[in-house]
Chemist: 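Got a structure for you, written out below as structure tokens; questions coming shortly.
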Amino acid sequence: MPLTLASLVQHSALKLGVRAGEGRLDTPVRWAHVSELADPVPYMEGGELLLITAMKLDAEDPEEMRRYVRRLAAAGVVGIGFAIGVNYEEIPEALVEAARTEDMPLLEVPRRTPFLAISKAVSAALAADQYRAVTAGFEAQRELTRAALSADGPAELLTKLAAHVHGWAALYDTAGAVVAAAPDWAARRAARLTPDVERLRERPAPASAVVGGSEDRVELQSLGTGRRARGALAVGTGAPLGTAERYAVHSAVALLTLTTERSRSLHDAESRLGAAVLRMLLAGEAEHARSVAGDLYGNLLEAPFRLIVAEPALPGTAQPEGLALLADAVESAAARTGEALLVVPEPGRLMVLASDAGPAVQACVDHAEALESRRGLDAAGPEPDELVVGLSAPAGPEGVAAALKQADQALAVARRRGRPMVEHEDMAAGSVLPLLADDAVRAFADGTLRALREHDATGRGDLVASLQAWLSRHGQWDAAAADLGVHRHTLRYRMKRVEEILGRSLEDPDVRMELWLALKATSAPS
């Protein structure tokens, strides 16, 4: 327990009396300081017991005493010890009244008790308290270490830490999601701090922050030794941490960081193995891939799964932060449900093999939706750390090569359309017309129809509109002429002029197809 004024009053050897501030004797004492200055405030830090004899004070002047005590209270002095029998036989009533007015503890120090004895008592008590805190901290460190090495690992560590700090503790992953919390009710409280954890994650590790509210005081600590945080620890208490509690938190941070970095090393080794497994699957060696993977990926290598391919939205960006963040997001989503995942990071590219309709695939969809929502309709273009993502159709181990081709095709369409993500199924199920919104296709269409448009610009007819009406009616003269409001002979003349100008026969189905696509391409939205 910290040293208080009550502890000093109860010290049998000091024989201290209490003349004012009886209700505040439980105030902790940080130090005992002797000063006979008329204004010792510039030399105070707060928390001191000030020992005086009033050698340079007119302690019988009520107004001077009120000013003196008021300044001491404002500076954080926790009490005044007045030695009687030195300059004054009794504590002057003016000082007693001023102390009562400010509710400042005023202790009467008998002549036979030197100030040195009080200072030694304070120093000894503070040293003993510090020793107890260090001892408790070492015991907490041993207990937390045993917990970290137990079968439950981080979860057991959080339970022990919460008990040591008399509060709660929570662990977050790299995406800011709550991995574990103790006690169980703290998970809801911790989840509300995700925005604060995300802001902490944006700072270089190690980083810390204190957030507070009506419920408690929460300290956030980043985990990891690299530039990017690998997680975060939250500790919630009703008051600032004491020395012993601080030792416990620091031990927990060190142990969780060690666990995180060890997990990262295993993760890197797993990534290298995953890359080898993926190469086998792409080479059509599904059985060899299953044999090498063993139980590492559970039943992931059984159908159905999807292949996700992500690249920087801006070409030439070697390894944007966005790729690492997406990898963290899909891994965190899979870890929360125990889903197996195969992640293969490459320079400027990320490939993920994930269960169809699983949380990792949903994390990609959520990432794309959030990016599209943030970008908005009026955005100038993608930011340097933004991604484009292609998602294959569901496949099995024998179809990984086809799935990669599908994912690459979907990614290319996403990049061309300025979309964060495109699914290959959407391409197959939708219309081909959006694919015409390509600069090369538009250039072809403009070149094909240029001669007809130049003819129409002279006012000698409406060949482009007539061609479109005739093609849309599959060459039915009467129906197309009715749509245009002209005689069918007029339409026949116009189609003859189209053939003459283009030098191509409309009897050729390939010509009709090219002209129809050119018309649609020039009218398709960009």
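Atoms considered below: every heavy atom in the structure, side chains included; atoms not considered: hydrogens, waters and symmetry mates. Note that the numbering runs from 1 along the sequence shown for the chain.
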Chemist: Assign the ring pair Phe82 / Tyr88 to parallel, tilted or perpendicular, where the plane angle (0 to 90°) is split at 30° and 60°.
Modeler: tilted
Chemist: Is a side-chain donor or acceptor of Ser222 paired with a backbone partner of Ala207 at a separation under 3.5 angstrom?
Modeler: yes
Chemist: Mind checking whether Ile308 and Val389 have side chains closer than 4.5 Å, heavy atoms only?
Modeler: yes
Chemist: Side chain of Glu108, backbone of Leu16: donor and acceptor closer than 3.5 Å?
Modeler: no
Chemist: How long is the straight-line distance from OG of Ser119 back to CG of Leu49, given to the nearest 0.5 Å?
Modeler: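 That separation rounds to 8.5 Å.
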Chemist: Strictly distance-based, threshold 3.5 Å: is any side-chain N or O of Arg24 a donor or acceptor partner for the main-chain N or O of Asp103?
Modeler: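 Yes: the side chain of Arg24 pairs with the backbone of Asp103.
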Chemist: Just grab all the salt bridge (charged side-chain N to carboxylate O under 4.0 Å, His left out) pairs involving residues 112-126, residues at least two apart or on different chains.
Modeler: none
Chemist: So, the side chain of Glu48 versus the backbone of Gly46: is there a donor-acceptor pair under 3.5 Å, distance only?
Modeler: yes
Chemist: Quick one: do Val218 and Asp196 satisfy side chain to side chain contact (heavy atoms under 4.5 Å, CB included)? Show the steps, please.
Modeler: CA-CA 11 Å; Val218 182; Asp196 298 291; over 6 Å; no
Chemist: With the side chain counted from C-beta on, respond yes when Val344 and Val352 share a heavy-atom pair under 4.5 Å apart, and no when they do not.
Modeler: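 No, side chains not in contact.
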Chemist: Side-chain contact, heavy-atom cut-off 4.5 Å: Glu102 with Arg70?
Modeler: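 Yes; the side chains approach each other to less than 4.5 Å.
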Chemist: Looking at every non-hydrogen atom in both residues, tell me the closest pair between Arg30 and Leu126 and how far apart they are.
Modeler: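 Closest approach of Arg30 to Leu126, heavy atoms only: O-CD1, 3.1 Å.
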Chemist: When you compare the side chains of Thr4 and Asp26, does any donor N or O come within less than 3.5 Å of an acceptor on the partner?
Modeler: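 Asp26 and Thr4 do not have a side-chain donor-acceptor pair below 3.5 Å.
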Chemist: Any side-chain heavy atom of Glu369 within less than 4.5 Å of one from Val365?
Modeler: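 Answer yes - side chains close enough.
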Chemist: Any sub-3.5 Å donor-acceptor pair from Arg415's side-chain atoms to Pro312's backbone N or O?
Modeler: yes
Chemist: On a heavy-atom basis, which atom in Met55 and which in Asn87 lie closest, and how many Å separate them?
Modeler: CA-ND2, 3.2 Å
Chemist: Can you find a heavy atom in the side chain of Val249 that is under 4.5 Å from one in the side chain of Val165?
Modeler: yes
Chemist: Are the side chain of Thr113 and the backbone of Val109 linked by a donor-acceptor contact shorter than 3.5 Å?
Modeler: no
Chemist: Quick one: CG on Leu107 to CD1 on Ile80, what's the gap to the nearest 0.5 Å?
Modeler: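 The CD1 atom of Ile80 is 9.0 Å from CG of Leu107, to the nearest 0.5 Å.
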Chemist: Quick one, Trp168 and Pro183 - any side-chain contact, counting heavy atoms below 4.5 Å?
Modeler: yes
Chemist: Verify, without hydrogens or angle tests, whether Tyr172 (side chain) and Ala190 (backbone) share a donor-acceptor contact under 3.5 angstrom.
Modeler: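 Flag set: sc Tyr172 to bb Ala190 pair under 3.5 Å.
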Chemist: Starting at NZ of Lys160, measure out to OG of Ser251 and round the result to the nearest 0.5 Å.
Modeler: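 Nearest 0.5 Å value for the NZ-OG distance: 15.0 Å.
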Chemist: Can His33 and Leu51 be said to form a side chain to side chain contact (heavy atoms under 4.5 Å, CB included), step by step?
Modeler: CA-CA 6 Å; His33 182 67; Leu51 304 175; over 6 Å; no
Chemist: Could you state the interatomic distance from CZ (Arg67) to CG (Leu72), rounded to the nearest 0.5 Å?
Modeler: 13.0 Å
Chemist: Taking the basic N atoms (NZ, or NE/NH1/NH2) and the acidic carboxylate oxygens, is any pair closer than 4.0 Å for Glu64 and Arg66?
Modeler: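 Result for this pair is no, no salt bridge flagged.
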Chemist: If we only count heavy atoms from C-beta on, is the Val309 to Leu350 side-chain gap below 4.5 Å?
Modeler: no
Chemist: Between Asp356 (side chain only) and Pro304 (backbone N and O only), is there a donor and an acceptor less than 3.5 Å apart?
Modeler: no
Chemist: Residues two or more places apart in sequence or in another chain: which of them pass salt bridge (Lys or Arg N to Asp or Glu O under 4.0 Å) with Asp39?
Modeler: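 Listed in chain order: Arg71.
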Chemist: Inspect the surroundings of CD in Glu93 and state if more than 12 heavy atoms from other residues, nucleotides or ligands are less than 6.0 Å away.
Modeler: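 Result for CD/Glu93: enclosed.
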Chemist: Is any NZ, NE, NH1 or NH2 atom of the basic residue among Arg306 and Glu423 found under 4.0 Å from an Asp or Glu carboxylate oxygen of the other?
Modeler: yes
Chemist: First locate atom CG of Leu200, then atom CD of Gln221, and finally report the distance between them rounded to the nearest 0.5 Å.
Modeler: 8.0 Å
Chemist: Is Thr145 close to Leu157 at the side-chain level, that is, under 4.5 Å between some pair of heavy atoms?
Modeler: no
Chemist: Any idea which heavy atoms bring Ala252 and Leu161 closest together, and the distance?
Modeler: CB-CD2, 3.7 Å
Chemist: Strictly below 4.0 Å, N to O, side chains only: are Arg349 and Glu311 in salt-bridge contact?
Modeler: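 Yes, Arg349 and Glu311 are salt-bridged.
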Chemist: How close do Ala180 and Leu158 get, heavy atom to heavy atom, and via which atoms?
Modeler: O-CD1, 3.4 Å
Chemist: Give, for atom OG1 of Thr159 and atom NE2 of His164, the distance between the pair rounded to the nearest 0.5 Å.
Modeler: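 Result: 11.5 Å between the selected atoms.
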Chemist: Give the minimum heavy-atom separation between Val41 and Ala75, together with the two atoms involved.
Modeler: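 Shortest heavy-atom contact: CG1-CB, 3.8 Å.
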Chemist: Give the C-alpha distance, both sets of side-chain angles, the deciding distance and a yes or no for side chain to side chain contact (heavy atoms under 4.5 Å, CB included) between Leu3 and Leu8.
Modeler: CA-CA 8 Å; Leu3 173 67; Leu8 293 175; 4.2 Å; yes
Chemist: Answer yes when Arg246 and Glu219 have at least one side-chain N-carboxylate O distance shorter than 4.0 Å, and no when they do not.
Modeler: yes
Chemist: So if I apply the side-chain contact (heavy atoms from CB on, under 4.5 Å) rule between Pro105 and each of Leu25, Val29, Val18, which one comes out positive?
Modeler: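 When Leu25, Val29, Val18 are each tested with Pro105, the side-chain contact (heavy atoms from CB on, under 4.5 Å) holds only for Leu25.
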Chemist: Would you sort out whether Val277 and Leu342 count as a side chain to side chain contact (heavy atoms under 4.5 Å, CB included), showing the intermediate values?
Modeler: CA-CA 9 Å; Val277 169; Leu342 195 159; 3.9 Å; yes
Chemist: Which pair of heavy atoms, one from Thr53 and one from Ala83, lies closest together, and at what distance?
Modeler: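 Heavy atoms of Thr53 and Ala83 come nearest at CG2-CB, 4.0 Å.
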